[in-house]
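Everything below concerns the one structure shown next.
The chains referred to below are lettered A, B, ... by the order of the sequence lines, with proteins before strands, and numbering in each begins at 1.
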2 protein chains.
Amino acid sequence: MAKKAKADSDLSTEEKIKEAARKVFTRKGYAATRTRDIAEEADINLALLNYYFRSKGKLFEIIMAEKMQQFFGVMEPMLNNTSTTLQNKIERITSAYIDLITHNPDLPLFILSEIRNSPEHFLKITGKASALFKSVLIKQIQEKKPDRNPLHFLLNLMSMCVFPFVMNPVLKKMGAVDEKTFAKMMKERKKLIPVWVKSMLEAE
Amino acid sequence: MAKKAKADSDLSTEEKIKEAARKVFTRKGYAATRTRDIAEEADINLALLNYYFRSKGKLFEIIMAEKMQQFFGVMEPMLNNTSTTLQNKIERITSAYIDLITHNPDLPLFILSEIRNSPEHFLKITGKASALFKSVLIKQIQEKKPDRNPLHFLLNLMSMCVFPFVMNPVLKKMGAVDEKTFAKMMKERKKLIPVWVKSMLEAE
DNA sequence: GTCTATAACCTGATAGAC
DNA sequence: GTCTATCAGGTTATAGAC
């Protein structure tokens, strides 16, 4: 991720196709995407897509795996870090999610809707739950609220970070926010969400 | 909504098609849905779909309008109610959203992803923002936190109610929750979310 | 590796019999 | 109103020339 300044024409054909596929698949979803859209976006001949990736489905699987890693990878480095406080972990996760999705606004809706439809692509995430529940992060939450399912708080954290981006297109079309206001709000939320989560963990 | 016990065979052909369209469209989205899927689900002949609704697109518009009303209608009755406290409004909105989506699990992802793709279907929600910002609900939030954009709190409320349902398929596939646990958690959240929102409004 | 042309298939929609 | 048969158009994928 050091240098992303390369123009499309500097990339190999294969990478140009992948870059175009990332863009089109995440924006429109698998079903609404035509291989022609990808070819056009990549500025290459349609036949080359099949030459490099065999099929639309194969290309999709590659992009999907990549995007799932991106989306779920945010929490991973924080799970078993024993040298940070819970509050610090929450701050880092908040910041990482808001930064990631700010630069990939289509990511959450893509992941969440494609996972629901395609029963094949998450063999890679299956079974990660045990690792989650044995994590340091979960233990730190349980110390604060031993009688409550700790998933509640993880869900709240993710909800408040991710869901506003999912609502953003709707809010815009309602005229409730413009792009500038939304960006400003999400920047504010980097500070606010950790405060809110803390107050939730102390509530009742 | 008094009696939903009618079997499919009791419904008119037109209503059977609409019922099937609700199910298939909300589950798979517009692009991934084939008119043949709907016909099969409705147990009718494919040609009848066009006989009653002219086209796939026309049928979709009907279902979409219905579903948008369902989704955004939840908040409407609370917006300008002058005889309830903020806390009471939050409790009612929470309860209404969780009940609605419990019975229509595919609703949020359907609304949110179809709105992003189709630039035609929300002429009906466009411009509702002014009504929102002039509402009693917003004023009551501003009384509590005058210096903060009140949208933050509405977003938090919706996030915590809606987003867990959107994550549910993922959580299931990870093995993080089973159906029973999830249902139990969402029932708990009816009580918890209002408490959490209250603590957020008093934080800092 | 890249292109053109086309095959093979799928999907929405309709014509016309009943 | 409902059915069968079929058309027209679009989409993925490949064959074959360069």
Side-chain angles (χ1 to χ4, degrees), chain A residues 6-67 110 113-114 117-121, chain B residues 6-67 110 113-114 117-121:
Chain A
K6 276 178 176 295
D8 276 8
S9 50
D10 291 344
L11 300 173
S12 70
T13 302
E14 186 172 347
E15 197 48 48
K16 273 202 292 184
I17 297 173
K18 278 175 76 171
E19 193 56 38
R22 282 182 200 107
K23 188 167 171 181
V24 182
F25 275 140
T26 53
R27 174 164 249 144
K28 313 214 292 180
Y30 180 78
T33 296
R34 297 170 309 152
T35 52
R36 282 168 168 80
D37 298 332
I38 297 173
E40 195 182 342
E41 177 72 35
D43 199 31
I44 53 107
N45 189 280
L46 173 57
L48 287 176
L49 190 152
N50 295 86
Y51 174 77
Y52 280 102
F53 298 97
R54 237 191 88 80
S55 74
K56 177 188 176 185
K58 283 281 175 196
L59 176 55
F60 178 77
E61 280 177 39
I62 292 169
I63 304 302
M64 181 70 182
E66 215 183 89
K67 290 292 165 186
F110 171 73
S113 42
E114 295 302 327
N117 299 340
S118 47
E120 321 104 57
H121 298 295
Chain B
K6 278 179 175 292
D8 277 7
S9 50
D10 292 344
L11 300 174
S12 70
T13 302
E14 186 172 348
E15 196 48 49
K16 273 202 293 184
I17 297 173
K18 278 175 76 170
E19 192 56 38
R22 282 182 199 108
K23 187 167 171 181
V24 182
F25 275 139
T26 53
R27 173 165 249 144
K28 312 213 293 180
Y30 180 77
T33 295
R34 298 170 308 150
T35 52
R36 283 168 170 78
D37 297 332
I38 297 173
E40 196 182 341
E41 177 71 35
D43 199 31
I44 53 107
N45 189 280
L46 172 58
L48 287 177
L49 190 151
N50 295 87
Y51 175 78
Y52 281 101
F53 298 98
R54 238 189 89 78
S55 75
K56 179 188 176 186
K58 283 280 174 196
L59 176 54
F60 179 76
E61 279 176 40
I62 292 169
I63 305 301
M64 182 70 182
E66 215 182 273
K67 290 292 165 186
F110 171 72
S113 42
E114 295 301 328
N117 299 338
S118 46
E120 322 104 58
H121 296 297

Calculate the interatomic distance between [X] atom [atom1] and [N] atom [atom2]; express it in whole Å.
{"X": "K58(B)", "N": "dG12(C)", "atom1": "NZ", "atom2": "C1'", "answer": "16 Å"}
{"X": "L48(B)", "N": "dA15(C)", "atom1": "CG", "atom2": "C1'", "answer": "15 Å"}
{"X": "E40(A)", "N": "dC3(C)", "atom1": "CD", "atom2": "C1'", "answer": "17 Å"}
{"X": "K16(A)", "N": "dG1(C)", "atom1": "NZ", "atom2": "C1'", "answer": "12 Å"}
{"X": "I44(B)", "N": "dA13(C)", "atom1": "CD1", "atom2": "C1'", "answer": "13 Å"}

Starting at CD1 of I63(B), measure out to CD of E19(B) and round the result to the nearest 0.5 Å.
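Reported value, rounded in 0.5 Å steps: 8.5 Å.
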NZ/NE/NH1/NH2 to OD/OE distance under 4.0 Å, E15(A) and R22(A):
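A salt bridge links E15(A) with R22(A).
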Heavy-atom protein contacts under 4.0 Å, nucleotides 4-18 of chain D, coded B base, S sugar-phosphate only, - none:
B------BBBB----
What's the shortest heavy-atom distance between E114(B) and Y30(B), and which atoms?
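Here E114(B) and Y30(B) meet closest at OE2-N, 3.0 Å.
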Heavy-atom pair of closest approach, residues F110(A) and T26(A):
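That would be CD1-CA, 3.5 Å.
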Expected list for residues 31-39 of chain B: side-chain donor-acceptor pairs under 3.5 angstrom, two or more places apart:
from: T33(B); atom 1: OG1; to: G29(B); atom 2: O; distance (Å): 2.6
from: R34(B); atom 1: NE; to: D37(B); atom 2: OD1; distance (Å): 3.2
from: R34(B); atom 1: NH2; to: D37(B); atom 2: OD1; distance (Å): 2.7
from: D37(B); atom 1: OD2; to: K28(B); atom 2: NZ; distance (Å): 3.1
from: D37(B); atom 1: OD2; to: R34(B); atom 2: N; distance (Å): 3.0

Going by salt bridge (Lys or Arg N to Asp or Glu O under 4.0 Å), name the residues that satisfy it together with K58(A), two or more places apart in sequence or in a different chain.
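K58(A) satisfies salt bridge (Lys or Arg N to Asp or Glu O under 4.0 Å) with no residue once adjacent residues are dropped.
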